[in-house]
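Encoded as structure tokens, the structure appears first; notes follow it.
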Amino acid sequence: MIQNYRITLLPGDGIGPEIMAVTVDVLKVVGKKFDIQFDFQEALIGGAAIDATGEPLPEATLKTCRGSDAVLLAAIGGYKWDSLPSDKRPEAGLLGLRAGLELFANLRPAKIIPQLIDASTLKKEVVEGVDIMVVRELTGGIYFGKPKGIFDTETGEKRGINTMAYTEAEIERIGKVAFDAARKRGGKLCSVDKANVLDVSQLWRNKITKLAEEYQDVELSHLYVDNAAMQLLRAPKQFDTIVTGNLFGDILSDAAAMLTGSIGMLPSASLGANAPGVFEPVHGSAPDIAGQDKANPLAQILSAAMMLRYGLNQGDAADYIEKSVFQVLQAGFRTGDIMSEGMNQVGCQAMGEALIQALEN
Ligand SMILES: NC(=O)c1ccc[n+]([C@@H]2O[C@H](COP(=O)([O-])OP(=O)(O)OC[C@H]3O[C@@H](n4cnc5c(N)ncnc54)[C@H](O)[C@@H]3O)[C@@H](O)[C@H]2O)c1
Ligand SMILES: CC(C)[C@H](C(=O)O)[C@@H](O)C(=O)O
Ligand SMILES: [Mg+2]
């Protein structure tokens, strides 16, 4: 029986439309193979939405997303909109989408693909076998805390404020996602905070420690974020699952990306309790290479695989995409960001075509 899914596509800005086009072609081929019919609907977000409507997240986009089974997002942002106030910027559209759908759990896997071991800037023996899942809290912390803004002071000077805040309930729900993930993986969870300085982190640490009583089979450890960043580069294999707040998770997941060779390889899933998930690469709109057919589409394609696995319960189709990605890498295809000696450098479109060939065989 054919399964039908409504998918909202949010190509966004910069390299977004390029990597999205390739990914849609890939999904169509996978759909045929697995009796899945995708009903794609495109909507506006980010700079593209600002240019068309004046808003980074038009109400119509949120409505379309709410009415779909999953949302595939590429990336937003670019130089053109960089001087807008924070609530008018493309990034506000992305934050609004995450908040609007209550996508509090962001899963960011960083797993070494053996074929790419030479693409990492770190030594082979350091990165070989790395398999980390960063569970990033996505709708709280300093990204959303109040008060926020730029205010005039009595001296006439301006003062910028953001507030890092977490409630116990927010910590508990992300903690549960992380403990559950660790239980299904290597059974180890490292909670990352700054409890030596920040009150909000003290609460975070206490709550996560308390929650561990319900997960006796998971080995819990804690690290301060500065040490965690250092340990990620020094000895990444010590990590299995990491749970952390919004800002620390943003930073650590980009750092973890470099273990795997390129940020152009890292997918993510943003999940909530009631709404469709949003599946998006960890990287941004890469304005420096936009419109040049240079972008690596694999993070977007692997995000589509995460959509199939976590959003649509189509694990076989997800496995098939991942296996085919390994095949094209094995065959030597490389975009510029993962290029190494003796390999075959291709552009974004050609990488997509190679993948489609692998999928069809
Ligand atoms: N989820 C998102 O939509 C998202 C995430 C991060 C940044 N951004 C936005 O993107 C814009 C650019 O930010 P940035 O430059 O700091 O980060 P970025 O991730 O866009 O780019 C960082 C570097 O990585 C390279 N890169 C990124 N993705 C790549 C890919 N698929 N293939 C090859 N190379 C790739 C870029 O060329 C650049 O040199 C900003 O407006 C930022 O706010 C959006
Ligand atoms: C663009 C920005 C709002 C976003 C974030 O900080 O969450 C990005 O860096 C990410 O990692 O998805
Ligand atoms: Mg980021």
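The ring pair (Phe, Tyr, Trp, His ring centres under 6.0 Å) test applied to F38 returns F40, not counting sequence neighbours. K158 meets the salt bridge (charged side-chain N to carboxylate O under 4.0 Å, His left out) test with D152; sequence neighbours excluded. In this structure, F333 has no ring pair (Phe, Tyr, Trp, His ring centres under 6.0 Å) partners at least two apart in sequence or on a different chain. Applying the ring pair (Phe, Tyr, Trp, His ring centres under 6.0 Å) test to Y215 and every residue at least two apart in sequence or in another chain returns F179. Under the ring pair (Phe, Tyr, Trp, His ring centres under 6.0 Å) criterion, Y310 pairs with no residue, sequence neighbours left out. Under the salt bridge (charged side-chain N to carboxylate O under 4.0 Å, His left out) criterion, D217 pairs with R183, sequence neighbours left out.
Note that R136 lies outside the cation-pi zone of F248, set by a 6.0 Å cut-off to the ring centre and a 45° limit from the axis.
Comment: R185 engages D131 in a salt bridge, judged by a side-chain N to carboxylate O separation of less than 4.0 angstrom.
Between the side chains of S262 and H283, no donor-acceptor pair of N or O atoms lies under 3.5 Å. Checked by atom type, the side-chain pair Y143/D250 shows a donor-acceptor distance below 3.5 Å.
Residue pairs meeting the ring-ring contact (aromatic ring centres under 6.0 Å, His included) criterion with at least one partner in residues 186-210, sequence neighbours excluded, are Y166-W204. Screening residues 352-361 for side-chain hydrogen bond (donor to acceptor under 3.5 Å, both in side chains), with sequence neighbours left out, gives no hits. Identified under the side-chain hydrogen bond (donor to acceptor under 3.5 Å, both in side chains) test for residues 223-232, with sequence neighbours left out: K194-D226, N227-Q231, Q231-R234, Q231-Q238. Note on residues 63-97: no pairs pass ring-ring contact (aromatic ring centres under 6.0 Å, His included), not counting sequence neighbours. Among pairs with a residue in residues 105-128, those fulfilling side-chain hydrogen bond (donor to acceptor under 3.5 Å, both in side chains) read N106-R108, N106-S268, N106-S270, R108-S253, Q115-Q330, at least two apart in sequence or across chains.
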Under 3.5 Å, which donor-acceptor pairs do the side chains of residues 27-34 form with other protein atoms, sequence neighbours left out?
residue: K33; atom: NZ; partner: L359; partner atom: O; Å: 3.3

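Looking at E213, its side chain never comes within 3.5 Å of a backbone N or O of Q216 through a donor-acceptor pair.
Cluster annotation: V346 and V26 are assigned to the same hydrophobic cluster (Ile/Leu/Val/Met/Phe/Trp/Tyr, side-chain heavy-atom contacts under 4.5 Å, transitive). Following chains of ILVMFWY side-chain contacts shorter than 4.5 Å, one cannot reach I289 starting from M265, and the two form parts of different hydrophobic clusters. V200 and V243 fall within a single hydrophobic cluster, where Ile, Leu, Val, Met, Phe, Trp and Tyr are joined by side-chain heavy atoms under 4.5 Å apart, directly or via other members.
Among all heavy-atom pairs drawn from S201 and D193, the shortest one is OG-CB, 3.6 Å.
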